[in-house]
Structures are given as C-alpha cells and as structure tokens.
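These notes are about the structure you will find just below.
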Number of protein chains: 2
Amino acid sequence: MQHKRRKNSVTIKDIAAEAGISYATVSRALNNRPGVNKDTKFRVQEAAERLGYSPNAAARSLVTRQACALALVIPDITNPFFPEVARGVEEAAARAGYSVFLCNTNWNGKKELSFLSLFESRRIDGLILASSNDNGTIAEKFAQTCLPLVAISSFARDIQCNQVIIDDVRGGYLAGCHLLEHGYKRIAFIGGLEGTQATKERFSGFLKSLAEAGIEIDPELCRYGSFTWKSGYHNTLKLLNMAGRPDAIFAANDLLAMGVMQAADELGLNIPGDLAVIGFDDISFASYPRVCLTTIAQPKNKLGQVAAELILTELKEGQKKEFSKIVLAPELLIRRSCGCS
Amino acid sequence: MQHKRRKNSVTIKDIAAEAGISYATVSRALNNRPGVNKDTKFRVQEAAERLGYSPNAAARSLVTRQACALALVIPDITNPFFPEVARGVEEAAARAGYSVFLCNTNWNGKKELSFLSLFESRRIDGLILASSNDNGTIAEKFAQTCLPLVAISSFARDIQCNQVIIDDVRGGYLAGCHLLEHGYKRIAFIGGLEGTQATKERFSGFLKSLAEAGIEIDPELCRYGSFTWKSGYHNTLKLLNMAGRPDAIFAANDLLAMGVMQAADELGLNIPGDLAVIGFDDISFASYPRVCLTTIAQPKNKLGQVAAELILTELKEGQKKEFSKIVLAPELLIRRSCGCS
DNA sequence: TTGTAGGCGTTATCAT
DNA sequence: ATGATAACGCCTACAA
C-alpha cells in the first residue's frame, strides 16, 4: 500500500477565499491583532470554525522563531523522584501554552549529549536539565548553546547557568539534628555514589550538625554505593555487623533508607527501637504505613514548576545578565523511623 | 531590557556561499541524496561543520509535512504505572529519531481534549493515548482526527482505533486461580472505580476462576472505590469486620493491595497467615521486602514500546485498513503475600 | 480597515 | 552533477 500523504489541511488562504478577503486580514483576525473590523473578524472566525482550520505550528515557528516548546531532560523517569518534577514542569508549561519534550537519558551521557543537536534543530525555546553527569561537564556544553537553560537537582554548583536546587546541605543538617535530638550518638551515614554532589552536600550538612554537638564521626560509619535500595541494604548489613554498630543511620535518599530497613528487618532489629533511620526525598512510598519513614522532604513538584517558570519569564522578558540561582528549602518530615510518637 | 531575538542561525544558504555552490546542492549533500559529487559533498559537510550548521526542523516539517514527533497522553505521570510506559515509548521513539511530547492530563477530561487542537496544530505524526476517560468518548474524538492513534491501557474495548492492551480478564483469572490453588475459599474482591474497564475485566476473569472451582461469589465480598491505597485500606477494614470475613483478597491493583496490607496490619492480622492478598500491576514497590506482594505483572515498559512501534511502522508503511489490536499477556509473579514458600 | 508582497529555511521539481 | 525556482503556511512591514 502506498504511503498516503496527510490530507492537505485548510490554511488561512482557504479561509480568506471563504470569507472573501485577503489572507493577511485573516491572519490578523485570528491572532487578535488590533485594527480589524469587528464583523470581518467575526466572519473570519466563523469561516475558520466551519472549515475546521488549525494553524500550522511549523509555519508559524518558521517566521516567529519560537517553537513554544521546552525540553525536559532527565536521567530516568522511572526513578520516583522525577515524575513529580516532570509533572510540575508540564503543568507550568501547559499553563503558558508551551509543550514539553520528554527526554529520558537513561543515565547515558552519550544519549544526553545527543539531545543537544536535536534541540538546536528544533529550536526549542528553553530546556530544563537534570543531568546524569554530576560534575557538570555535560551541563556546561548545554549552557554553551545559549539556549535558555535551567539546571535542576544536584550537580556541580559552579557551572554557569540558571539553577533551581534544593539546599542539600541544610537537608543533611536537619537530618543530623533530628537524630541528635533523639539522643542518638553513634550515627552512620550511607550515601549514593561517593563524590557525587548530592551525597557530598547532604553529608557535609550532616557533619555540621554532629560538629555542633561535639561529635566526631567515625569514618568506619560512612559508606557509599549507589542510590538504590540494594546498595542501602548491603551497606547496612556491613554496618550492623561491626563491633560498635550504629544506633542510627542517615541515608542520603529514601531508596537507601528502605534498604536500611530491609537489612534491619533481616537481622531482627526493630526500627526505631534498635536502630533509627532517616531518609531524604520523601518519595511517595515513604509514607506507606509499612515504611513510615522519617525523611527530609524535597519540594519536587515545586522544583519542576519553579524551573519552568524561570525559563518562561526569561523567555518573556529577555535573558537576564546574571544567572538566577533559586534554592528551595527541604523540610523535615517526621514519621516513625526515628522514634517520634 | 528589550527582548532579543534569537541570533540568526546559519542556513544552507550560508553553507552554499561558503562552499561556492547553490543551496539546492547543499540540501542534497546534507541529506545524502544520490547524485552529488563526492568531494562537493565533502566540502559541504566540512563547511556545515565549520559554520556550526543545524537544520531548522520547522522549515523542514513545513515542506515534508512531518513533525517527527509523537505525543504521549497520560492521566498522571506520578502514578507508578505510567513512568515505565513512558520510558518504553520514549526509548522506541528515540531509536527511530522521533521526539515525544509529554502530555499529563491530571485525570482532567477537559485538559485531555484541549491537547487535541494542540496536536492538530503541531501536526504530530501520531499519538499514544492512555485516556482518563474510561468509556472511550474522549478516545473516540481523538480517533476521528485521522491522526495515527494507539490507545493503551484500559478503556472501552469497542472503540475504533489501534489498541495495545493487557489481557485484564486473563490477569484476573490468574489471580483467582492462584488463590484457589492455595485453598482459599472465601475470597474477596476490591476494585477501583466501579464500572471501570480495568475493574470490570479483572473482576470477570476472577469470577471465571471461581466458577470453575464451583464457587459462587458473595456480593458482600465485592467492594469498589478508587485505585488508591486509602481506598484499599478502607474497604479492607469493612471486609475484615464482617461476620464471615474473607481469607483472601484479590485487589485490582497493587496500590489497593498495599492498602489491604495496611488494614490487616492494623487489625493485627498476619499476611499471609490470616489473610492472603494478591495485587495487579507489579509496581516497583511490590518487590520491596516489607511489601513482598504477589501480583499479576503487567509488561509496562513493553506496553509503551509496542505502542510506539506500532505507530512508527504505520507511519512508515502507511495506515492499515484495519486497526491493530495487540494484547499483551500478564504474568503471575509469586512473592509472599499468598502463602507461597 | 484592508490588501500586496517579501521572507522565514527547507525540500522538490524542473531544467541545464 | 548542479542550478534556478517554486512551493510549504504563516507573519508583518508597507502601501492603499
């Protein structure tokens, strides 16, 4: 079967013919430009309706040089953190009449970079980037395109572009303080990949809280891996089998914290009775009664919204001379895993 | 500050000037069309590279009438079922050089419909629709646009369009059989919204398994609500406080099943000792040790991939005369909530 | 208030 | 193998 070309759609010229006027006027009428007679405008709208006219976005962007589209680049939509961000972005964009391209990089730097040429080609208006590359080398390349860009989530902080981030240091500090207030003394830390921005900053905030309490951390109690519950599980097993085992653990995200719980369960340790745990993120399952994890909540949806709005206003008002850096505050969300109530 | 127009980007005309040839030839060279001298082609590519050329997608779509973009319409990217589907769609699309617009409807029929005009305007090549509207009235409107369309997930089965679905009836049947094999006799059913396709079909398969075992269901044991764990929780509470309370529950999705577990926990009932539970979906948290839910797994990622590929081949080979209806098989995934091992 | 015409960056169809 | 040139559908001066 032959490939059928899409049926020719109706254009403003068709409308012009139908309404018996020039198509320039049709364009004006349809775009609510001033200086169009009230009832020619009415006739135009009526004709457009009748003919089932739909403006051709490609033609329009060709002349306006605007795609009315943003791109959202994230490592993995399957990770419970990102869907909420994505939803925030989508909502804010839709409200402003913008569409959003979903770009899932699968933690693959090459794929992430490959999106770049796509964006240039599509003349995307702006992009929101949660880079899979933590040291910012990829983000830097994106920044060089001059495309309105906002980087979100964790990555090298010194990169030159707009940023909307969570105050990870403060989050770590809050976590540490909460544990300390409960009287825990021997607190362990389980991070994601070592050297990673999120891990480092959450850890440093945590350290600060310890320092304020006059506690020096035992390096034995600091373990790293990846942001998965398996990693949290294995590290906890090791921690719990040590001579002087910890009485509390700060896990750098909720997935890790769930791994902590799993390990404790297996060893017959009660949470929070024998071991306290605090996480980071507040993914939806943290609130599930069988988990009931006390955690440092990130405003994920807001993160997405703010990021999108930042770009949108920049699109409207022109790029600023300086880059914006918006930092959102994390919040302690108390549930049961630390011994409260 | 004035709005700065995006800097004029380099076009094939610039390349033509640079290489000293006509821009028609440049176009040919860049698109690997036959009939271009080998080293003019080389010169063109070289010039393009040097000038930092990036083709203008809008201009191209204007003439080719292809946007090289799909749209993915889903009710809520935050629901753990959809991110996996989205990932499947994105991967398949990206492999074929297509981008995907993320359209989150928030279970809002109006917003869902509003996307329609957007798609027409953008001349989307095809769309994948998980309608929020279960009876198919919205999907029908989408189908009328003549846009290559594939409907996924649950909805009225008789609607005229391509479909990629999970065999919900079989899923329900598998669930029922598994419970029956364990010797449970008084099995309850907790669905989502009553009348909803997923709920109905999963229930009917479940009924069939009971019928084969010569068991007639007690209407008292069938409860409905919404696909949330709260709903599962409340319904289970009622079920468990009945005179002849069930010894097993088939929850029409995993979220509901988690609510079941929560209620059982609260009443001090052991799972699976005092009450067996089986779910549907296999969301990632079903495998978490503290949940360990036996469930009917849906191939979510595959669902997305197959849907995207279906559209993509239709785009390549032209629309078929008949609509495709691909039904994917669900699978029993045994964990601990029914008493196995 | 309305019409004319040029241009946005490509692809495609003619010639040459 | 290459070059003109006409679309594609729309916006926008500029002219009337």
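Because the structure is a prediction, the values reported are computed rather than measured. Chain letters run A, B, ... following the sequence lines, proteins first and then strands; every chain starts at 1.
Nucleic acid contact for B:Ser54: sugar-phosphate only, since backbone atoms but no base atoms lie under 4.0 Å from a heavy atom of the residue.
To the nearest angstrom, C1' of C:dC8 lies 9 Å from NZ of B:Lys13. Whole-Å rounding puts the A:Leu30 CG to D:dC11 P distance at 8 Å. Between the CZ atom of A:Arg33 and the P atom of D:dC10 there is a distance of 14 Å, given to the nearest Å. Counting to the nearest Å, the C1' atom of C:dC8 and the CD atom of A:Gln66 are 14 Å from each other. Look at CG on B:Asp14: it is 10 Å from C1' on C:dG9, rounded to the nearest Å. In this structure, the CZ atom of A:Arg122 is 18 Å from the P atom of C:dG9, given to the nearest Å. Taking atom CD1 of A:Ile15 as the reference point, atom C1' of C:dG3 lies 17 Å away to the nearest angstrom. At whole-Å resolution of the value, CD1 in A:Ile12 and C1' in C:dA5 are 13 Å apart.
Relative to the side chain of B:Arg65, the nucleotides C:dT11, D:dC10, D:dG9 differ in distance, and D:dG9 lies closest. If you check C:dC8, C:dG3, C:dT11 against the side chain of B:Val63, the one that comes closest is C:dT11. Nearest nucleotide to the A:Tyr23 side chain, out of D:dT5, C:dT2, D:dC10: D:dC10. Which of C:dT2, D:dT2, D:dC10 sits closest to the side chain of B:Thr25 comes down to D:dT2. Distances from the side chain of A:Asn56 to the nucleotides C:dT2, D:dG9, C:dG9 place D:dG9 closest. In the set D:dT2, D:dC10, C:dG9, D:dC10 carries the atom at the smallest distance from any side-chain atom of A:Thr11. Listed nucleotides: C:dT10, C:dC8, C:dT11. Nearest to the side chain of B:Asn31: C:dT11.
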When the side chains of residues 80-92 of chain B are checked against the rest of the protein, which donor-acceptor pairs come out under 3.5 Å, sequence neighbours left out?
| unit_1 | atom_1 | unit_2 | atom_2 | d |
| --- | --- | --- | --- | --- |
| B:Arg87 | NE | A:Asn106 | OD1 | 3.2 |
| B:Arg87 | NE | B:Glu91 | OE2 | 3.3 |
| B:Glu90 | OE1 | A:Lys111 | NZ | 2.9 |
| B:Glu90 | OE2 | A:Asn104 | N | 3.4 |
| B:Glu91 | OE1 | B:Gln305 | NE2 | 3.4 |
| B:Glu91 | OE2 | A:Asn106 | ND2 | 3.2 |

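In this view, A:Ser99 and B:Arg122 satisfy the side-chain hydrogen bond (donor to acceptor under 3.5 Å, both in side chains) rule, not counting sequence neighbours.
For C:dG3, its base sits under 3.5 Å from the side chain of A:Arg28 at one donor and acceptor pair at least.
Looking at A:Lys141 and A:Glu112, no side-chain N of the basic residue comes within less than 4.0 Å of a carboxylate O on the acidic one, giving no salt bridge.
No side-chain donor from either of A:Arg60 and B:Ser121 sits under 3.5 Å from a side-chain acceptor of the other. In this model, a donor atom of one side chain and an acceptor atom of the other lie less than 3.5 Å apart for A:Thr137 and A:Asn135.
Residues B:Leu62 and B:Ser22 each lie close to DNA chain D; by heavy-atom proximity, the contact nearer the 5' end of the strand is made by B:Ser22. Residues B:Ala59 and B:Ala24 each lie close to DNA chain D; by heavy-atom proximity, the contact nearer the 5' end of the strand is made by B:Ala24.
Between the B:Glu314 side chain and the B:Pro148 main chain, no donor and acceptor come within less than 3.5 Å of each other.
Side-chain N/O atoms of B:Ser27 include one lying less than 4.0 angstrom from OP1 or OP2 on C:dT11. The phosphate of C:dC8 has neither OP1 nor OP2 within less than 4.0 Å of any side-chain N or O from A:Ser61. Here B:Thr40 reaches the OP1 or OP2 of D:dT2: one of its side-chain N or O atoms lies under 4.0 Å away. Contact between the side-chain N/O atoms of A:Arg60 and the OP1/OP2 oxygens of D:dG9 is not found at any separation under 4.0 Å.
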